[in-house]
Protein chains: 2
Amino acid sequence: MATVSSAALAERGGTTAAQVRKDLSYLGSFGKRGLGYSVPELTQVLRRVLGLDSTWRVALVGAGRIGTALFEYEPFRKRGFAITTVVDSDPAKVGSRMGNVVVRGDDEMEQALRESGTELVILAVPAPVAQNVADRAVAAGVKAILNFAPAQLRVPVDVTLGNVSMLLELEGLSYALARGKKG
Amino acid sequence: MATVSSAALAERGGTTAAQVRKDLSYLGSFGKRGLGYSVPELTQVLRRVLGLDSTWRVALVGAGRIGTALFEYEPFRKRGFAITTVVDSDPAKVGSRMGNVVVRGDDEMEQALRESGTELVILAVPAPVAQNVADRAVAAGVKAILNFAPAQLRVPVDVTLGNVSMLLELEGLSYALARGKKG
DNA sequence: GCATGTGAATAGGTTCACAGCC
DNA sequence: GGCTGTGAACCTATTCACATGC
C-alpha cells in the first residue's frame, strides 16, 4: 500500500476530499484514477514545490526565551531548517555560543546577515523594535521574515512575511470562551 | 483627538478602511459619522467582545523550552492571560517552581485541571503525544486548547481549538523563496 | 469498480460606492 | 465636508457532481 486516497488525506488533514484533489491538481495530475496518489511521488512533489529540497540560510534575531526555544525546536531541525546565525542586542550574550553558533551583536547584524548570505530571518524580538529590525534585515538583503512579535510589520512586496501570532490566537480563544458562556 | 477613523485603523492594521468598517459594523454601530470611532468606546467594546474583561483559568501543559518561554511571555501577561497551572511529564521537573506555580506531574493532570477549574489549556508537548493529552484535557472539562505542536488535533465541537503553526509558517516562507527564485 | 481531475454551482468574504448623519 | 454604515457588485475559494481513465 504505497498509495493514499484524497479521502484518506482529507481525514488526516481535517479537510475534505474535494479540497485535497483540487489543491493537488494545481501541482499537476499525478494521481492514479481508481487508486489514489503514490506516497513517494506525492512527498517528492510536495518537497520540491515547498522548496524543502533546497537549503535556506536561516538567521535568528533575538535570543531571548522565545528565540532560544526556537533555536532548539526539534520540528524545525527535522525538516532541515538549521539556524546558522544568531543575533542579540544583549552584550552579555554576544560572543557566547548556542550549539556551535556564536551570538553576534545587534550592531553587527547587517554584516552577519550579509556574510552568511541569509535569505530568511526568524524575528524573535520585542514588538516595539520589531519594525526597525525588520527594516534593517530587509536592507541587508533578507527575502523572507518569520515574525513572532505581536506587531503588524510592513515590508516591501518582494519580501515575504510570515506571522506567528500567539497572542491573536489566544485572544481568539478568549472570544470563543466568552461567546460560549452566552450561547 | 480621542477619535480614530476607519482609514487610520486600516493603515495600522494592514487592511482596508471598508474592511474595518464592515467588521466593526457587526459589533453595533458606535462610530460617529464625520468623526470616526471613539477610542475609549472602541477599546471597551473590543475588550468585551473578545472576552478580555473576563479572566480565564489558563493551564500550561508541557514545560519544555517552548512551554517555559510561553510561561514568561510578556504579551500574554500584559493582556491578562496568567498561567496558574503547569503540568509536565518529566519527574525531575515535578514539584519545582515556575514563578510561584508548582509544576504538577502528568499523572495529576486531570486532577490539577479540575481543581483549578481550567477553561483553557496551552499545549506545548511533542507532536506524537499531543492528541492524547488533548483528549485527556477535554475529558477534564477544558473548553479551549491552544496547540503549539505540529499536529492536526481532533476535538469535540464544543471545544475550541487554536493552532500556532510555526512549522507551517516556515514552510510557507520556504515555498515563497523557492517560487521567488524562479519568477 | 473506484478514485482522480475538473468544469459548474455555490458559498463566503472583500471591495465599491453612496446614502445618511454628524 | 467628512466619515460611517451598508446594500450591491465583485471576486475568490470551497463544494458538487460527473466524465475520464486506471
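Throughout, a chain's letter reflects where its sequence line sits, starting with A, and its residues are numbered from 1. Because only heavy atoms are used, hydrogens play no part in the values below, and waters and symmetry mates are left out as well, while side chains stay in.
Of the side-chain N and O atoms in B/Y37, one or more sit less than 4.0 angstrom from OP1 or OP2 of D/dG5. Taking side-chain N and O atoms only, B/S6 has no distance below 4.0 Å to OP1 or OP2 of D/dC3. Considering only side-chain N and O atoms, A/T16 lies under 4.0 angstrom from the phosphate OP1 or OP2 of D/dT15.
Along DNA chain D, the nucleotide closest to B/G28 and the one closest to A/G34 are compared, and the more 5′ of them pairs with B/G28. The residue among A/K32 and A/Q19 whose nearest nucleotide of DNA chain D lies closer to the 5′ end is A/Q19.
Considering only side-chain atoms of B/A18, the nucleotide from C/dT15, D/dG5, D/dT4 that sits closest is C/dT15. For A/S5, the listed nucleotide lying nearest its side chain is C/dA3; candidates were C/dA3, C/dT15, D/dC3.
Rounded to a whole Å, the NZ atom of A/K22 is 12 Å from the C1' atom of C/dT10.
Residues passing the salt bridge (Lys or Arg N to Asp or Glu O under 4.0 Å) test with A/R65 are B/E72, sequence neighbours excluded.
A salt bridge between B/E108 and B/R104 is present, with a side-chain N of the basic residue lying under 4.0 Å from a carboxylate O of the acidic one. Between A/D107 and A/R136, no side-chain nitrogen of the basic residue sits less than 4.0 Å from a carboxylate oxygen of the acidic one, so the salt-bridge criterion is not met.
Nucleic acid contact for B/F30: sugar-phosphate only, since backbone atoms but no base atoms lie under 4.0 Å from a heavy atom of the residue.
Not a single donor-acceptor contact under 3.5 angstrom links the side-chain atoms of A/R21 to the base of C/dT4.
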